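The structure that follows is given in the form of structure tokens.
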Amino acid sequence: MSKVRVVLDYSVLNKPQRAAVEHHDGPLVIFAGAGSGKTLAITYRIAHLVQACGVPARRILAVTFTNKAAKEMRERLDRLLPYGAPDLWVGTFHATCAKLLRRFSEACGVRKGFVIYDELDQRALIARIARDLDADEKVYPPKRLAWMINRAKQEGISCEEFVAKKGEPMIARVYTEYEQRLAQAGALDFDDLIYRLVAALRTNPTLRHDLQQCWDHVLVDEFQDTNAVQFQLVRDICQGHRNLCVVGDDDQSIYRWRGADYRNILDFQRHFSDAKLIKLEQNYRSTKRIISVANALVGRNIERQKKRLWTDNEEGQSVTLYCCADGRDEALRFVNLVLEALAQGSKRSEVALLYRTHAQSRVFEEALRAANLPYRVVGGIRFYDRAEVKDLLAYLRVLQNPDDDVSLLRIINTPTRGIGKTTIDRLLEAAARAGQSVWNTLGQAESDPAHGAAAQKKLAGFLELIAGLQQKAAALAKPAALIESVLEQTEYVELLRAENTAEADAKLENIRELVGSVREFERTTEPPTLESFLETVTLQTDQDRMQEQDAVALMTVHAAKGLEFPTVMVAGLEEGLFPHIRNSGGLEERDDKAIEEERRLAYVAFTRAKRQLFLSHARQRYLYGDELSCVPSRFLDEIPSDELKIVKSAYLSAPRSNGYHGEGGEEDFAYRRVSSTGGRDRLAHGYGSGRAQPRQRPSASPGGTPTGIGDSYVDRSESSEGSGGMRPGAHVSHPKFGVGQVKEILAGDPPRVLVKFSGGPVKTVITSFLKPA
DNA sequence: GTGGAACACCTTTTT
DNA sequence: GGTGTTCCAC
């Protein structure tokens with residue numbers, strides 16, 4: 001870290017990387033395959049520009065898609081350059097644009113202290129507008145409306161243009177009203193951050209000129225994920241010098257549904273005909289076999305840049321496909337795989353499970369928990385989306401900008417203070433009539449005869465609360481102290497404490513974490529204003545908060561992009577799940593494109609693996625409560641059969657044949673021929689000789705209806721005390737109910753115990769859900 | 001105005 | 001199966 005490197009060591013670069021680094025002026029497009037040392041190349045390129053070419057760091061803008069990538073880039077440059085690059089512009093599209101919008105707020109026509117509405121805020125506002133306009137919920141669900149509006153902004157279509165097009169008039173009305181209310185609330189949504197800047201650039205030559213003068217070099221990472229406005233933005237600001245370097249991989253474009261268009265990178269040379277094109281095709285991450293399987297798959301896609309990923313790495317072991325009876329079987333498979341990897345000396349954090357949808361994680365979590373294997377689920381519900389966290393942030397936002405109606409409405413009766421639906425409806429009506437924010441109407445509401453005396457009093461109380469906090473905000477100027485005042489004055493914490501439930505405890509814990517993150521922010525940011533805190537928080541995702549720990553990682557393929565693990569299992573390779581049903585059915589023209597994106601997604605998943613790649617599919621699976629019969633994914637058929645080692649679950653064929661694997665016996669499952677030599681060999685890894693694996697409880701009905709979670713996963717032969725090692729008096733913790741003490745062991749299958757949880761409730765729980773506390 | 005029960009929903013989600 | 005939303009009884 002402290003090693004100051006005076007001269008850049010170019011010998012670490014391969015030929016194309018070096019060419020990318022040393023390319024000086026003019027447009028450059030780099031196709032960087034998975035694991036091809038892309039980050040190395042771009043950080044070196046920036047370092048080279050600064051050190052060898054004498055470009056001041058502040059004249060370079062590097063744009064990424066995630067905060068994490070931005071942070072990583074900055075850190076690597078700090079190590080590469082003797083004095084680091086503190087004044088280099090590095091940030092996400094959104095953060096960079098937010099910064100520029102504030103700096104040039106007047107020219108852009110936005111309020112300087114604008115708040116940023118996240119997806120949930122946006123949804124809330126749109127839902128209210130749709131209701132106000134009497135839009136039929138069936139025809140115009142808020143989700144669809146939001147999608148249309150966002151799509152327009154991503155395409156760079158103004159509201160006026162949108163309205164002028166002959167589309168559905170209701171959508172146009174909602175859009176217009178939405179824009180008005182955003183303006184009134186002094187709020188911008190995510191897509192506005194980029195769109196508003198682009199729109200201002202279009203109409204304001206001075207601003208255009210100013211921004212074009214800001215930087216001499218612009219770099220954009222993950223360019224395949226840019227949408228139309230983002231491309232327009234970078235094109236605009238580079239117009240003078242044309243020193244635009246874009247990096248990406250069309251094969252890893254997996255955000256089409258968010259408006260991303262990989263043709264931005266594919267057709268880059270059409271927009272910049274003199275652009276130099278460099279391909280990074282050597283993979284330094286994976287074994288030959290993994291690369292071969294990944295290549296076979298993605299090679300099926302039609303619309304892509306011609307390239308072939310290759311590697312000098314070792315051959316490695318075969319990519320293995322597990323054919324499982326059901327989701328639980330699959331989960332057990334994964335547990336065994338983890339145990340095997342650990343036995344071979346891997347760390348837990350070196351194993352990852354990737355799946356298409358979050359819903360798949362549960363079964364795996366249960367299995368891992370039962371096997372006492374620490375794991376972490378990446379993604380899921382965002383921390384900042386939790387109700388209690390959002391409530392508190394809403395208070396802060398109202399203090400910063402009381403016109404923020406969405407936030408104000410969120411907290412006006414949270415915690416409940418007797419301001420009910422009727423009162424709020426009247427307030428909204430008055431606000432709409434006056435064309436003002438709710439806050440402005442609130443001041444007059446005290447004397448508005450429309451409200452009853454009781455309501456007036458309650459509103460006055462709320463007004464007083466906010467006014468008091470506003471004074472505090474002005475006096476304190478620091479967010480941490482302010483959030484504590486909010487907690488105090490609203491009695492938020494006391495009320496939760498009084499609830500005395502595990503859920504409330506979890507909320508309190510989240511609040512503590514939030515307060516902690518405010519403190520952290522104050523320590524690390526200068527100046528730590530409320531405004532910048534709120535902006536940081538809104539533009540942050542959970543992955544930015546993830547800390548390293550030695551645990552097995554579970555995440556969606558989307559979340560895994562950019563990561564790598566020595567051992568990876570990709571689960572649920574079934575038709576309808578992966579490729580997902582929404583992208584695999586129907587007869588429309590777009591289906592090809594949708595399938596190609598699913599295939600890219602699989603490609604991204606496969607290329608996360610460094611040494612071992614396992615795939616799996618289940619024949620049956622519970623989804624949303626009902627049992628589905630599943631067909632193996634078409635992607636499996638697209639992998640040459642000699643590249644896959646197939647392991648069938650013992651559960652699969654046992655009911656119908658006497659062997660462990662019913663070779664070709666069942667046509668619904670014999671989608672791939674298993675060679676006779678391979679079949680037996682493969683069994684060595686199967687259930688039959690699983691010495692290293694936890695013993696499977698012999699089931700009376702293999703593949704049939706399992707009786708519960710506990711019995712399948714708990715190895716009872718090792719728990720001599722019975723009931724999974726639980727004893728009365730033992731202190732235990734439960735993922736949902738928190739910590740408690742075992743009161744009584746209950747007989748039964750699965751084993752259950754009676755636990756008194758701290759805070760009161762006595763519950764019967766399945767033993768395997770408990771961990772010693 | 002509040003809270004619980006019934007109901008509808010459900011892909012992925014860089015910001 | 002889990003969650004967010006709506007509606008109805010108190």
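Model, not experiment: these values are computed from the prediction. Residue numbers begin at 1 in each chain, while the letters A, B, ... track the order of the sequences. All values below come from the heavy atoms of this structure, side chains included, with hydrogens, waters and symmetry mates left out.
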Practice item. Look at atom CZ of Arg111(A) and say whether more than 12 heavy atoms of other residues, nucleotides or ligands are closer to it than 6.0 Å. Key: yes
Practice item. Let me know the distance between CD of Glu365(A) and P of dG2(C), rounded to the nearest Å. Key: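 Value for this atom pair: 11 Å.
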Point to revise | Point-to-point distance, once rounded to the nearest 0.5 Å, from CD1 of Ile419(A) to NZ of Lys457(A) | key: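 Between Ile419(A) CD1 and Lys457(A) NZ, I get 13.0 Å after rounding to 0.5 Å.
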Check your understanding: Separation of Glu598(A) atom CD from dT11(B) atom C1', in whole Å?
Key -> 8 Å
Review point. With syn defined as a glycosidic torsion within 90 degrees of 0 and anti otherwise, which applies to dT12(B)?
Key: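 The base of dT12(B) is oriented anti (glycosidic angle more than 90° from 0).
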Review point. Counting only non-hydrogen atoms, which of residues 131-140 of chain A are less than 4.0 Å from DNA chain B?
Key: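 Correct list: empty, so none.
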Practice item. Figure out the CZ/P separation between Phe93(A) and dT14(B), and round it to whole Å. Key: 17 Å
**Study point:** Side chains of Ser633(A) and Glu574(A), donor plus acceptor under 3.5 Å
**Key:** no
**Study point:** salt bridge (charged side-chain N to carboxylate O under 4.0 Å, His left out) partners for Lys68(A), two or more places apart
**Key:**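 Checked Lys68(A) against salt bridge (charged side-chain N to carboxylate O under 4.0 Å, His left out); zero matches.
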Point to revise | Arg356(A) (side chain) and dT11(B) (base): donor-acceptor pair under 3.5 Å | key: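 Result: no qualifying N/O pair found.
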Review point. Side chains of Arg328(A) and Tyr622(A): donor-acceptor distance under 3.5 Å anywhere?
Key: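 No pair is found: no donor N or O on one side chain lies under 3.5 Å from an acceptor on the other.
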Point to revise | Which residue lies more 5' along DNA chain B, comparing Ala359(A) with Leu539(A) via nearest heavy atoms | key: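 Result of the comparison: Ala359(A).
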Exercise for review: In whole angstrom, give the distance that lies between atom CG of Leu354(A) and atom P of dT13(B).
Suggested key: 12 Å
Review point. Over how many whole Å does the gap from Leu601(A) atom CG to dT14(B) atom C1' extend?
Key: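 Between C1' of dT14(B) and CG of Leu601(A): 14 Å.
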Check your understanding: Reckon Asp118(A) touches a base, only the sugar-phosphate, or nothing at all at heavy-atom distances under 4.0 Å?
Key ->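 Nothing, no nucleic acid heavy atom in range.
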**Study point:** Residue among Lys561(A), Arg258(A), Gln230(A) satisfying side-chain hydrogen bond (donor to acceptor under 3.5 Å, both in side chains) with Asp225(A)
**Key:** Lys561(A)
Check your understanding: Which one, dT14(B), dT11(B), dG2(C), comes nearest to the side chain of Ala260(A)?
Key -> dT14(B)
Practice item. Specify the separation, in whole Å, of atom CD of Glu575(A) and atom C1' of dT11(B). Key: 15 Å
Exercise for review: Rounded to the nearest angstrom, tell me the gap between atom CD1 in Ile194(A) and atom P in dT14(B).
Suggested key: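 Spelled out: CD1 on Ile194(A) to P on dT14(B) is 14 Å.
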Review point. Between Asp250(A) and Gln224(A), is any side-chain donor less than 3.5 angstrom from a side-chain acceptor?
Key: no
Check your understanding: Is there a donor-acceptor contact under 3.5 Å linking the side chains of Tyr375(A) and Glu365(A)?
Key -> yes
Review point. Is there a side-chain polar atom (N or O) of His358(A) under 4.0 Å from OP1 or OP2 of dT13(B)?
Key: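 So the side chain of His358(A) is within the cut-off, an N or O lying under 4.0 Å from OP1 or OP2 of dT13(B).
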Check your understanding: Separation of Asp225(A) atom CG from dT14(B) atom C1', in whole Å?
Key -> 7 Å
Practice item. Indicate, with a heavy-atom threshold strictly under 4.0 Å, whether Glu119(A) touches base, sugar-phosphate, or nothing. Key: base
Check your understanding: Going by ring centres under 5.5 Å and near-parallel planes (under 30°), is His580(A) stacked on dT11(B)?
Key -> yes
**Study point:** Tyr178(A) side chain to Gln122(A) side chain, donor-acceptor N/O pair below 3.5 angstrom
**Key:** yes
Review point. Ring stacking, Trp257(A) with base of dT12(B), under 5.5 Å and under 30°?
Key: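 Yes, the aromatic ring of Trp257(A) stacks with the base.
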Distances under 3.5 Å only, N/O to N/O: pair up the protein atoms with those of nucleotides 1-8 of chain B.
| unit_1 | atom_1 | unit_2 | atom_2 | d |
| --- | --- | --- | --- | --- |
| dG1(B) | OP1 | Thr423(A) | OG1 | 2.7 |
| dG1(B) | OP2 | Lys421(A) | N | 3.3 |
| dG1(B) | OP2 | Thr422(A) | N | 3.3 |
| dG1(B) | OP2 | Thr422(A) | OG1 | 2.9 |
| dT2(B) | OP1 | Gly418(A) | N | 3.1 |
| dT2(B) | OP2 | Asn413(A) | ND2 | 3.1 |

Review point. Does Phe635(A) have Arg599(A) sitting over its ring (NZ/CZ under 6.0 Å from centre, angle to axis within 45°)?
Key: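 Not flagged: Arg599(A) not positioned over aromatic ring of Phe635(A).
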